[in-house]
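Single-structure report; data block below.
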Protein chains: 2
Amino acid sequence: MNRSFSIDSILARKPKRKIGEDRLIRVFLQSANLWRRFHSLGTEMIVTKSGRRMFPTLSVIIAGLDPVKNYVVMVDLECIELKRFRYSFHQSKWISTGPGESELPSRMFVHSDSPARGAHWMRSPVSFDKMKLTNNQLDNNGHIIVNSMHKYRPRVHVIEQDEAKTRHTFSFEETDFIAVTAYQNHRITSLKIESNPFAKGFRECEVQDMAHLQVPANFQSVLPFIFPYFANLTANAEQ
Amino acid sequence: MNRSFSIDSILARKPKRKIGEDRLIRVFLQSANLWRRFHSLGTEMIVTKSGRRMFPTLSVIIAGLDPVKNYVVMVDLECIELKRFRYSFHQSKWISTGPGESELPSRMFVHSDSPARGAHWMRSPVSFDKMKLTNNQLDNNGHIIVNSMHKYRPRVHVIEQDEAKTRHTFSFEETDFIAVTAYQNHRITSLKIESNPFAKGFRECEVQDMAHLQVPANFQSVLPFIFPYFANLTANAEQ
DNA sequence: ATTTTCGCACCTAGGTGCGAATCT
DNA sequence: AGATTCGCACCTAGGTGCGAAAAT
(Lines give C-alpha, C1' and ligand atoms only; values in the text may rest on other atoms or scores of the structure.)
Protein backbone atom coordinates (compact mmCIF):
# COMPACT_ATOMS: atom_id res chain seq x y z
CA MET A 1 0.00 0.00 0.00
CA ASN A 2 1.23 3.48 -0.89
CA ARG A 3 1.42 6.09 1.83
CA SER A 4 1.14 9.77 1.21
CA PHE A 5 2.38 12.66 3.35
CA SER A 6 1.13 16.17 3.42
CA ILE A 7 3.63 18.92 2.73
CA ASP A 8 2.91 20.30 6.20
CA SER A 9 3.71 17.06 7.99
CA ILE A 10 7.00 16.76 6.08
CA LEU A 11 8.00 20.31 6.96
CA ALA A 12 7.10 19.65 10.60
CA ARG A 13 9.56 16.77 10.86
CA LYS A 14 12.63 17.26 12.89
CA PRO A 15 15.67 17.72 10.72
CA LYS A 16 17.89 14.69 10.42
CA ARG A 17 20.61 14.68 13.02
CA LYS A 18 23.84 16.13 11.80
CA ILE A 19 26.88 14.04 12.51
CA GLY A 20 28.34 14.98 15.85
CA GLU A 21 25.10 16.37 17.21
CA ASP A 22 23.09 14.94 20.10
CA ARG A 23 25.68 12.25 20.70
CA LEU A 24 25.20 10.09 23.76
CA ILE A 25 28.47 10.23 25.65
CA ARG A 26 29.01 7.25 27.92
CA VAL A 27 31.66 6.68 30.57
CA PHE A 28 32.42 3.28 32.14
CA LEU A 29 34.42 2.62 35.29
CA GLN A 30 37.52 0.47 34.89
CA SER A 31 38.45 -2.12 37.57
CA ALA A 32 34.88 -1.96 38.83
CA ASN A 33 35.23 -5.31 40.61
CA LEU A 34 38.20 -4.10 42.64
CA TRP A 35 36.44 -0.83 43.43
CA ARG A 36 33.44 -2.82 44.67
CA ARG A 37 35.57 -4.96 46.97
CA PHE A 38 36.84 -1.78 48.61
CA HIS A 39 33.41 -0.12 48.57
CA SER A 40 31.84 -3.03 50.44
CA LEU A 41 34.36 -2.48 53.27
CA GLY A 42 34.19 1.33 53.18
CA THR A 43 36.94 2.71 50.96
CA GLU A 44 39.64 4.85 52.60
CA MET A 45 42.19 6.96 50.74
CA ILE A 46 45.40 8.08 52.38
CA VAL A 47 46.01 11.80 52.07
CA THR A 48 49.36 13.45 52.82
CA LYS A 49 50.95 16.86 52.77
CA SER A 50 53.09 16.07 49.74
CA GLY A 51 50.22 14.34 47.89
CA ARG A 52 49.19 10.69 47.63
CA ARG A 53 47.82 8.75 44.68
CA MET A 54 44.48 7.02 44.94
CA PHE A 55 44.27 3.24 44.97
CA PRO A 56 42.43 1.77 43.18
CA THR A 57 43.30 4.20 40.39
CA LEU A 58 40.38 6.03 38.84
CA SER A 59 40.30 4.96 35.20
CA VAL A 60 37.44 5.11 32.71
CA ILE A 61 36.45 4.00 29.25
CA ILE A 62 34.80 6.76 27.25
CA ALA A 63 32.43 6.22 24.33
CA GLY A 64 30.16 8.32 22.15
CA LEU A 65 32.46 11.27 21.50
CA ASP A 66 32.83 12.92 18.12
CA PRO A 67 36.14 11.50 16.88
CA VAL A 68 37.31 14.78 15.36
CA LYS A 69 36.01 17.22 17.97
CA ASN A 70 38.32 18.36 20.78
CA TYR A 71 37.54 17.60 24.42
CA VAL A 72 39.06 18.35 27.80
CA VAL A 73 38.70 15.57 30.38
CA MET A 74 39.06 16.33 34.08
CA VAL A 75 38.25 15.00 37.53
CA ASP A 76 37.23 16.67 40.74
CA LEU A 77 35.94 15.46 44.10
CA GLU A 78 32.45 16.05 45.34
CA CYS A 79 32.09 16.13 49.13
CA ILE A 80 29.05 13.87 49.35
CA GLU A 81 28.17 14.24 53.01
CA LEU A 82 28.80 17.52 54.72
CA LYS A 83 29.89 15.98 57.99
CA ARG A 84 32.95 14.77 59.74
CA PHE A 85 33.49 11.05 60.31
CA ARG A 86 35.25 9.01 62.96
CA TYR A 87 36.01 5.31 62.86
CA SER A 88 34.70 3.40 65.83
CA PHE A 89 37.08 0.51 66.38
CA HIS A 90 34.54 -0.72 68.89
CA GLN A 91 31.73 -1.11 66.35
CA SER A 92 34.09 -1.52 63.40
CA LYS A 93 32.26 1.18 61.47
CA TRP A 94 32.32 4.82 60.56
CA ILE A 95 30.11 7.16 62.58
CA SER A 96 29.43 10.80 61.84
CA THR A 97 30.57 13.39 64.35
CA GLY A 98 28.73 16.60 63.62
CA PRO A 99 28.93 19.00 60.68
CA GLY A 100 32.04 18.94 58.51
CA GLU A 101 34.30 21.69 57.26
CA SER A 102 32.70 24.16 54.90
CA GLU A 103 33.74 22.83 51.57
CA LEU A 104 35.33 25.10 48.97
CA PRO A 105 34.86 24.13 45.32
CA SER A 106 37.24 21.24 44.60
CA ARG A 107 40.30 21.74 42.49
CA MET A 108 40.16 20.15 39.05
CA PHE A 109 42.64 17.53 37.93
CA VAL A 110 42.92 18.07 34.19
CA HIS A 111 44.04 14.96 32.34
CA SER A 112 47.40 15.72 30.75
CA ASP A 113 46.25 14.61 27.30
CA SER A 114 43.80 17.53 27.25
CA PRO A 115 42.80 18.92 24.90
CA ALA A 116 42.57 15.96 22.51
CA ARG A 117 40.17 14.67 19.90
CA GLY A 118 37.39 12.25 20.70
CA ALA A 119 39.22 9.55 18.75
CA HIS A 120 42.13 9.84 21.19
CA TRP A 121 40.02 9.64 24.35
CA MET A 122 38.07 6.65 23.03
CA ARG A 123 41.12 4.71 21.77
CA SER A 124 42.08 3.36 25.20
CA PRO A 125 41.07 3.71 28.86
CA VAL A 126 41.69 7.16 30.34
CA SER A 127 43.60 6.80 33.60
CA PHE A 128 43.92 9.38 36.35
CA ASP A 129 46.79 7.61 38.09
CA LYS A 130 48.83 10.84 38.25
CA MET A 131 46.19 12.55 40.37
CA LYS A 132 47.22 13.09 43.99
CA LEU A 133 45.29 13.99 47.11
CA THR A 134 46.60 16.38 49.74
CA ASN A 135 45.36 17.74 53.04
CA ASN A 136 47.54 20.81 52.69
CA GLN A 137 45.09 23.69 52.18
CA LEU A 138 48.01 25.81 50.92
CA ASP A 139 49.24 23.22 48.42
CA ASN A 140 50.79 24.73 45.33
CA ASN A 141 51.67 21.54 43.49
CA GLY A 142 48.27 21.39 41.83
CA HIS A 143 47.12 18.45 43.92
CA ILE A 144 43.49 17.93 44.86
CA ILE A 145 42.81 19.33 48.32
CA VAL A 146 40.52 17.39 50.65
CA ASN A 147 39.56 17.44 54.31
CA SER A 148 40.59 14.36 56.23
CA MET A 149 37.72 12.34 57.75
CA HIS A 150 35.34 13.59 55.09
CA LYS A 151 33.59 11.59 52.38
CA TYR A 152 34.09 12.18 48.66
CA ARG A 153 32.98 10.91 45.27
CA PRO A 154 35.18 11.55 42.22
CA ARG A 155 33.49 13.13 39.21
CA VAL A 156 34.66 12.81 35.62
CA HIS A 157 33.97 15.84 33.44
CA VAL A 158 34.09 15.77 29.64
CA ILE A 159 34.03 19.24 28.13
CA GLU A 160 33.49 19.88 24.43
CA GLN A 161 35.93 22.46 23.12
CA ASP A 162 33.52 24.44 21.00
CA GLU A 163 31.74 27.73 21.60
CA ALA A 164 29.24 26.13 23.98
CA LYS A 165 31.85 24.29 26.08
CA THR A 166 29.15 21.78 26.99
CA ARG A 167 30.09 19.82 30.09
CA HIS A 168 29.13 16.18 30.66
CA THR A 169 29.64 14.83 34.17
CA PHE A 170 29.82 11.22 35.35
CA SER A 171 30.40 9.59 38.71
CA PHE A 172 30.27 6.14 40.25
CA GLU A 173 28.99 5.18 43.68
CA GLU A 174 31.65 2.45 43.88
CA THR A 175 34.36 5.11 44.03
CA ASP A 176 33.14 6.84 47.20
CA PHE A 177 35.87 7.12 49.81
CA ILE A 178 36.72 8.69 53.13
CA ALA A 179 39.96 10.66 53.21
CA VAL A 180 42.26 9.60 56.07
CA THR A 181 45.79 10.34 57.19
CA ALA A 182 46.17 6.76 58.44
CA TYR A 183 44.07 3.72 57.66
CA GLN A 184 41.33 3.07 60.19
CA ASN A 185 39.74 -0.21 59.06
CA HIS A 186 42.42 -2.90 59.02
CA ARG A 187 40.50 -4.80 56.35
CA ILE A 188 41.04 -1.86 54.03
CA THR A 189 44.76 -1.97 54.87
CA SER A 190 44.87 -5.68 54.05
CA LEU A 191 43.03 -5.25 50.76
CA LYS A 192 45.38 -2.41 49.74
CA ILE A 193 48.42 -4.52 50.57
CA GLU A 194 46.94 -7.48 48.73
CA SER A 195 46.02 -5.58 45.58
CA ASN A 196 48.45 -2.63 45.21
CA PRO A 197 51.72 -3.75 43.56
CA PHE A 198 53.62 -0.98 45.35
CA ALA A 199 52.67 -2.48 48.72
CA LYS A 200 53.97 -5.93 47.84
CA GLY A 201 56.63 -5.57 50.53
CA PHE A 202 53.97 -5.94 53.21
CA ARG A 203 52.37 -9.09 51.86
CA GLU A 204 52.66 -12.15 54.03
CA CYS A 205 54.47 -14.54 51.75
CA GLU A 206 53.75 -18.22 52.08
CA VAL A 207 56.36 -19.50 54.48
CA GLN A 208 58.80 -21.55 52.48
CA ASP A 209 60.12 -24.85 53.68
CA MET A 210 63.66 -23.93 54.62
CA ALA A 211 64.75 -27.34 55.88
CA HIS A 212 66.83 -27.90 52.76
CA LEU A 213 68.69 -24.61 53.16
CA GLN A 214 72.32 -24.92 54.09
CA VAL A 215 75.27 -22.65 54.47
CA PRO A 216 76.86 -22.45 51.05
CA ALA A 217 80.33 -23.90 50.64
CA ASN A 218 81.80 -20.54 49.69
CA PHE A 219 80.32 -18.70 52.65
CA GLN A 220 83.72 -17.91 54.19
CA SER A 221 84.94 -16.28 50.99
CA VAL A 222 81.80 -14.19 50.90
CA LEU A 223 82.05 -12.89 54.46
CA PRO A 224 84.48 -10.04 53.73
CA PHE A 225 81.86 -8.47 51.52
CA ILE A 226 79.30 -8.57 54.31
CA PHE A 227 81.39 -7.18 57.15
CA PRO A 228 81.56 -3.61 55.91
CA TYR A 229 77.80 -3.57 55.51
CA PHE A 230 77.04 -4.57 59.06
CA ALA A 231 79.88 -2.49 60.40
CA ASN A 232 78.23 0.41 58.67
CA LEU A 233 74.90 -0.33 60.27
CA THR A 234 76.50 -0.37 63.68
CA ALA A 235 78.38 2.82 63.05
CA ASN A 236 75.17 4.55 62.09
CA ALA A 237 73.36 3.21 65.12
CA GLU A 238 76.00 4.67 67.37
CA GLN A 239 75.74 8.14 65.94
CA MET B 1 66.10 70.06 8.32
CA ASN B 2 62.71 69.02 6.99
CA ARG B 3 62.46 65.95 4.83
CA SER B 4 59.74 65.39 2.27
CA PHE B 5 58.46 62.13 0.84
CA SER B 6 56.70 61.57 -2.46
CA ILE B 7 53.32 59.86 -2.38
CA ASP B 8 54.84 57.06 -4.41
CA SER B 9 57.62 56.35 -1.96
CA ILE B 10 55.15 56.24 0.92
CA LEU B 11 52.87 53.83 -0.93
CA ALA B 12 55.83 51.63 -1.77
CA ARG B 13 56.64 51.12 1.89
CA LYS B 14 56.00 47.77 3.44
CA PRO B 15 52.93 47.76 5.67
CA LYS B 16 53.56 47.85 9.39
CA ARG B 17 53.85 44.39 10.90
CA LYS B 18 50.69 43.09 12.47
CA ILE B 19 51.06 41.55 15.89
CA GLY B 20 51.84 37.87 15.57
CA GLU B 21 53.16 38.21 12.04
CA ASP B 22 56.77 37.80 10.98
CA ARG B 23 57.81 36.83 14.48
CA LEU B 24 61.39 35.78 14.86
CA ILE B 25 61.23 32.33 16.42
CA ARG B 26 64.44 31.39 18.17
CA VAL B 27 65.51 28.04 19.59
CA PHE B 28 68.47 27.59 21.96
CA LEU B 29 70.19 24.33 22.85
CA GLN B 30 70.15 23.34 26.52
CA SER B 31 73.22 21.72 28.13
CA ALA B 32 75.30 23.06 25.28
CA ASN B 33 78.50 22.69 27.30
CA LEU B 34 77.91 18.99 27.87
CA TRP B 35 76.99 18.48 24.23
CA ARG B 36 80.26 20.20 23.21
CA ARG B 37 82.34 17.93 25.45
CA PHE B 38 80.84 14.93 23.65
CA HIS B 39 81.05 16.59 20.24
CA SER B 40 84.77 17.25 20.62
CA LEU B 41 85.30 13.49 21.14
CA GLY B 42 82.83 12.44 18.43
CA THR B 43 79.44 11.76 19.97
CA GLU B 44 78.09 8.21 19.84
CA MET B 45 74.51 7.17 20.64
CA ILE B 46 73.63 3.60 21.55
CA VAL B 47 70.79 2.20 19.49
CA THR B 48 68.92 -1.00 20.39
CA LYS B 49 66.07 -3.10 19.11
CA SER B 50 63.78 -2.07 21.95
CA GLY B 51 64.77 1.62 21.77
CA ARG B 52 67.37 3.64 23.67
CA ARG B 53 67.22 7.21 24.94
CA MET B 54 69.79 9.76 23.82
CA PHE B 55 72.34 11.09 26.24
CA PRO B 56 72.82 13.99 26.53
CA THR B 57 69.09 14.59 26.25
CA LEU B 58 68.01 16.92 23.49
CA SER B 59 66.34 19.87 25.21
CA VAL B 60 65.72 23.37 23.91
CA ILE B 61 64.55 26.79 25.01
CA ILE B 62 62.07 28.33 22.59
CA ALA B 63 61.42 32.06 22.20
CA GLY B 64 59.52 34.34 19.87
CA LEU B 65 56.28 32.37 19.58
CA ASP B 66 52.84 33.95 19.65
CA PRO B 67 51.68 33.18 23.20
CA VAL B 68 48.10 32.40 22.17
CA LYS B 69 48.72 30.59 18.89
CA ASN B 70 48.95 26.79 18.87
CA TYR B 71 52.12 25.00 17.81
CA VAL B 72 53.28 21.42 17.35
CA VAL B 73 56.92 20.76 18.27
CA MET B 74 58.70 17.71 16.90
CA VAL B 75 62.15 16.26 16.30
CA ASP B 76 63.56 14.11 13.53
CA LEU B 77 67.03 12.99 12.55
CA GLU B 78 68.81 14.15 9.45
CA CYS B 79 71.38 11.70 8.08
CA ILE B 80 74.11 14.23 7.50
CA GLU B 81 76.64 12.14 5.59
CA LEU B 82 75.35 9.46 3.30
CA LYS B 83 78.12 7.02 4.14
CA ARG B 84 78.89 4.22 6.52
CA PHE B 85 81.49 4.71 9.25
CA ARG B 86 83.91 2.43 11.04
CA TYR B 87 85.94 3.24 14.13
CA SER B 88 89.64 2.66 13.68
CA PHE B 89 90.95 1.73 17.12
CA HIS B 90 94.40 2.01 15.55
CA GLN B 91 94.02 5.67 14.67
CA SER B 92 91.41 6.36 17.39
CA LYS B 93 89.11 7.96 14.87
CA TRP B 94 86.13 7.34 12.65
CA ILE B 95 86.78 6.59 9.00
CA SER B 96 84.21 6.32 6.26
CA THR B 97 83.75 3.00 4.49
CA GLY B 98 81.88 3.58 1.27
CA PRO B 99 78.32 4.73 0.62
CA GLY B 100 75.75 4.28 3.36
CA GLU B 101 72.28 2.80 3.35
CA SER B 102 69.73 4.64 1.28
CA GLU B 103 68.00 6.77 3.84
CA LEU B 104 64.22 6.79 4.11
CA PRO B 105 62.63 9.94 5.53
CA SER B 106 63.12 9.92 9.31
CA ARG B 107 60.23 9.28 11.61
CA MET B 108 59.06 12.27 13.61
CA PHE B 109 59.08 12.35 17.39
CA VAL B 110 56.16 14.60 18.28
CA HIS B 111 56.55 16.20 21.70
CA SER B 112 53.75 14.92 23.90
CA ASP B 113 52.65 18.44 24.86
CA SER B 114 51.65 19.07 21.23
CA PRO B 115 49.57 20.88 20.32
CA ALA B 116 50.03 23.68 22.87
CA ARG B 117 50.06 27.44 22.87
CA GLY B 118 53.22 29.47 22.44
CA ALA B 119 53.00 30.55 26.07
CA HIS B 120 53.30 26.90 27.14
CA TRP B 121 56.31 26.11 24.94
CA MET B 122 58.13 29.26 26.07
CA ARG B 123 57.41 28.82 29.80
CA SER B 124 60.16 26.26 30.38
CA PRO B 125 62.72 24.23 28.41
CA VAL B 126 61.22 21.67 26.04
CA SER B 127 62.85 18.29 26.62
CA PHE B 128 62.86 15.31 24.28
CA ASP B 129 64.03 12.84 26.91
CA LYS B 130 61.26 10.38 26.04
CA MET B 131 62.56 10.02 22.47
CA LYS B 132 64.16 6.66 21.75
CA LEU B 133 66.37 5.40 18.93
CA THR B 134 66.05 1.95 17.43
CA ASN B 135 67.81 -0.01 14.70
CA ASN B 136 64.74 -2.16 14.15
CA GLN B 137 63.49 -1.16 10.71
CA LEU B 138 60.17 -2.85 11.54
CA ASP B 139 59.71 -1.04 14.87
CA ASN B 140 56.11 -0.36 15.78
CA ASN B 141 56.66 1.41 19.08
CA GLY B 142 56.97 4.77 17.40
CA HIS B 143 60.69 5.02 18.04
CA ILE B 144 63.03 6.82 15.69
CA ILE B 145 64.66 4.38 13.27
CA VAL B 146 68.33 4.86 12.39
CA ASN B 147 71.08 2.92 10.65
CA SER B 148 73.95 1.95 12.91
CA MET B 149 77.33 3.36 11.93
CA HIS B 150 75.69 6.32 10.25
CA LYS B 151 75.89 9.98 11.22
CA TYR B 152 72.87 12.06 12.22
CA ARG B 153 71.87 15.54 13.32
CA PRO B 154 68.63 16.06 15.26
CA ARG B 155 66.29 18.73 13.90
CA VAL B 156 63.70 20.59 15.95
CA HIS B 157 60.56 21.55 14.03
CA VAL B 158 58.08 24.16 15.25
CA ILE B 159 54.83 24.11 13.25
CA GLU B 160 52.21 26.83 13.52
CA GLN B 161 48.73 25.33 13.79
CA ASP B 162 46.99 27.70 11.41
CA GLU B 163 45.95 27.32 7.79
CA ALA B 164 49.50 27.77 6.54
CA LYS B 165 51.07 25.23 8.94
CA THR B 166 54.31 27.15 8.60
CA ARG B 167 57.26 25.04 9.66
CA HIS B 168 60.37 26.46 11.34
CA THR B 169 63.36 24.13 11.61
CA PHE B 170 66.39 24.38 13.86
CA SER B 171 69.45 22.20 14.38
CA PHE B 172 72.76 22.35 16.23
CA GLU B 173 76.10 21.09 15.04
CA GLU B 174 76.99 20.13 18.64
CA THR B 175 74.32 17.44 18.59
CA ASP B 176 75.74 15.44 15.68
CA PHE B 177 76.22 11.80 16.56
CA ILE B 178 77.06 8.43 15.09
CA ALA B 179 74.59 5.65 15.90
CA VAL B 180 76.28 2.54 17.32
CA THR B 181 75.17 -0.74 18.87
CA ALA B 182 78.19 -0.69 21.19
CA TYR B 183 80.43 2.21 22.11
CA GLN B 184 83.57 2.43 19.98
CA ASN B 185 85.56 5.31 21.50
CA HIS B 186 86.27 4.50 25.16
CA ARG B 187 86.47 8.21 25.93
CA ILE B 188 82.83 8.50 24.96
CA THR B 189 82.04 5.60 27.28
CA SER B 190 83.86 7.32 30.12
CA LEU B 191 82.11 10.63 29.55
CA LYS B 192 78.72 8.91 29.46
CA ILE B 193 79.45 7.09 32.72
CA GLU B 194 80.73 10.28 34.29
CA SER B 195 77.77 12.44 33.28
CA ASN B 196 74.68 10.19 33.00
CA PRO B 197 73.09 9.59 36.42
CA PHE B 198 71.74 6.21 35.28
CA ALA B 199 75.29 4.98 34.67
CA LYS B 200 76.47 5.89 38.16
CA GLY B 201 77.00 2.21 38.93
CA PHE B 202 80.01 2.18 36.63
CA ARG B 203 81.76 5.19 38.13
CA GLU B 204 85.04 4.52 39.85
CA CYS B 205 84.26 5.65 43.38
CA GLU B 206 87.02 7.05 45.47
CA VAL B 207 88.20 4.12 47.57
CA GLN B 208 87.02 4.73 51.10
CA ASP B 209 89.25 4.14 54.07
CA MET B 210 87.76 0.98 55.57
CA ALA B 211 90.29 0.55 58.38
CA HIS B 212 87.70 1.60 60.97
CA LEU B 213 85.20 -1.05 59.83
CA GLN B 214 84.79 -3.95 62.25
CA VAL B 215 82.53 -6.93 62.67
CA PRO B 216 79.53 -5.66 64.62
CA ALA B 217 78.90 -7.11 68.06
CA ASN B 218 75.57 -8.57 67.04
CA PHE B 219 76.92 -10.33 63.97
CA GLN B 220 76.16 -13.81 65.30
CA SER B 221 72.53 -12.95 65.88
CA VAL B 222 72.26 -11.65 62.36
CA LEU B 223 73.74 -14.72 60.65
CA PRO B 224 70.52 -16.75 60.55
CA PHE B 225 69.00 -14.09 58.36
CA ILE B 226 71.86 -14.36 55.91
CA PHE B 227 72.10 -18.10 55.54
CA PRO B 228 68.90 -18.62 53.57
CA TYR B 229 69.94 -15.91 51.14
CA PHE B 230 73.25 -17.50 50.27
CA ALA B 231 71.78 -20.98 50.32
CA ASN B 232 69.33 -19.72 47.77
CA LEU B 233 72.09 -18.39 45.57
CA THR B 234 73.84 -21.72 45.67
CA ALA B 235 70.68 -23.63 44.94
CA ASN B 236 70.05 -21.48 41.90
CA ALA B 237 73.60 -21.96 40.69
CA GLU B 238 73.20 -25.71 40.82
CA GLN B 239 70.08 -25.79 38.68
C1' DA C 1 86.80 -9.69 12.01
C1' DT C 2 83.22 -6.81 12.90
C1' DT C 3 78.73 -5.88 14.52
C1' DT C 4 74.69 -7.08 17.19
C1' DT C 5 72.03 -9.23 20.90
C1' DC C 6 70.86 -10.49 25.49
C1' DG C 7 70.81 -11.17 30.47
C1' DC C 8 72.70 -8.91 34.19
C1' DA C 9 74.12 -5.91 38.27
C1' DC C 10 73.62 -1.42 39.47
C1' DC C 11 71.58 2.70 39.35
C1' DT C 12 67.50 6.70 39.42
C1' DA C 13 62.87 7.91 40.52
C1' DG C 14 59.17 7.42 43.04
C1' DG C 15 54.81 4.70 45.11
C1' DT C 16 53.67 1.60 49.53
C1' DG C 17 52.31 0.95 54.68
C1' DC C 18 54.76 0.89 59.19
C1' DG C 19 55.52 2.74 63.63
C1' DA C 20 57.55 6.01 66.57
C1' DA C 21 57.16 10.71 67.48
C1' DT C 22 54.51 14.70 67.43
C1' DC C 23 50.61 17.74 67.26
C1' DT C 24 45.96 19.35 68.79
C1' DA D 1 42.71 10.11 72.97
C1' DG D 2 42.55 10.97 68.31
C1' DA D 3 44.78 12.71 64.28
C1' DT D 4 48.91 13.83 61.81
C1' DT D 5 53.80 13.75 60.42
C1' DC D 6 58.10 11.82 59.10
C1' DG D 7 61.90 8.69 58.16
C1' DC D 8 62.22 4.16 56.77
C1' DA D 9 62.48 -0.59 54.45
C1' DC D 10 60.55 -2.54 50.67
C1' DC D 11 58.61 -2.46 46.51
C1' DT D 12 57.63 -1.15 41.02
C1' DA D 13 59.30 0.68 36.80
C1' DG D 14 62.68 1.49 33.94
C1' DG D 15 67.44 3.77 32.30
C1' DT D 16 72.81 2.45 32.36
C1' DG D 17 77.14 -0.04 30.40
C1' DC D 18 79.24 -4.71 30.76
C1' DG D 19 80.72 -8.88 28.67
C1' DA D 20 79.76 -13.31 26.94
C1' DA D 21 77.49 -15.16 23.16
C1' DA D 22 75.59 -14.97 18.72
C1' DA D 23 74.98 -13.22 14.20
C1' DT D 24 76.73 -11.55 9.81
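All values below come from the heavy atoms of this structure, side chains included, with hydrogens, waters and symmetry mates left out. Order of the sequence lines fixes the chain letters, A, B, ..., with proteins taken first and strands second; residue numbering starts at 1 for each chain.
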query = B:N196 side chain to B:F198 main-chain N or O, any donor-acceptor pair under 3.5 Å?
reply = yes
query = Is B:K192 close enough and on-axis enough to B:F38, meaning under 6.0 Å and within 45°, for cation-pi?
reply = yes
ask   = Between A:I178 (CD1) and D:dA3 (C1'), how many Å, whole number?
value = 15 Å
ask   = Starting at CG of B:D129 and ending at P of D:dT16, how long is that distance when rounded to a whole Å?
value = 10 Å
message = Given 3.5 Å as the limit, does a donor-acceptor pair link the side chain of B:S114 with the main chain of B:V73, or not?
response = yes
task = Take the protein atom CD of B:E204 and the nucleotide atom C1' of C:dC10, then report the distance between them rounded to whole Å.
result = 15 Å
request  = Rounded off to whole Å, could you give me the NZ-to-P distance for the A:K132 and C:dA13 pair?
outcome  = 15 Å
inquiry  = Can you work out whether B:F89 or B:K49 has the more 5'-proximal nearest nucleotide on DNA chain C?
reply    = B:F89
ask   = Please give, in whole Å, the distance from D:dT12 P to A:K200 NZ?
value = 4 Å
task = Indicate yes or no for a side-chain donor-acceptor contact from A:E44 to the backbone of A:I188 under 3.5 Å, with no hydrogens or angles considered.
result = no
key: OP1 or OP2 of C:dT5 under 4.0 Å from side-chain N/O of B:T48   = no
ask   = Considering only C:dG15, C:dT4, D:dG17, which nucleotide approaches the side chain of B:F202 most closely?
value = D:dG17
Whole angstrom value for the distance that separates C1' of C:dT3 from CE of B:M45 = 20 Å
ask   = Ring centres of A:F170 and A:F172 under 6.0 Å apart?
value = no
ask   = Considering the options B:R37, B:R187, B:K200, B:R203, which one meets the salt bridge (charged side-chain N to carboxylate O under 4.0 Å, His left out) requirement together with B:E194?
value = B:R37
ask   = What are the residues of residues 180-198 of chain B, sorted by number, that bring a heavy atom to within less than 4.0 Å of DNA chain C?
value = B:T181, B:A182, B:P197, B:F198
inquiry  = Quick check: any donor-acceptor pair below 3.5 Å linking the side-chain of A:R52 to the base of C:dG17?
reply    = yes
request  = Take the protein atom CG of A:N136 and the nucleotide atom P of D:dT5, then report the distance between them rounded to whole Å.
outcome  = 8 Å
ask   = What integer distance in Å separates A:F55:CZ from C:dG14:C1'?
value = 16 Å
task = For B:V47 and for B:G201, locate the closest nucleotide of DNA chain C by heavy-atom distance; then report the residue assigned to the nucleotide nearer the 5' terminus.
result = B:V47
query = Backbone N or O of B:T175 within a donor-acceptor pair of the B:R153 side chain at under 3.5 Å?
reply = no
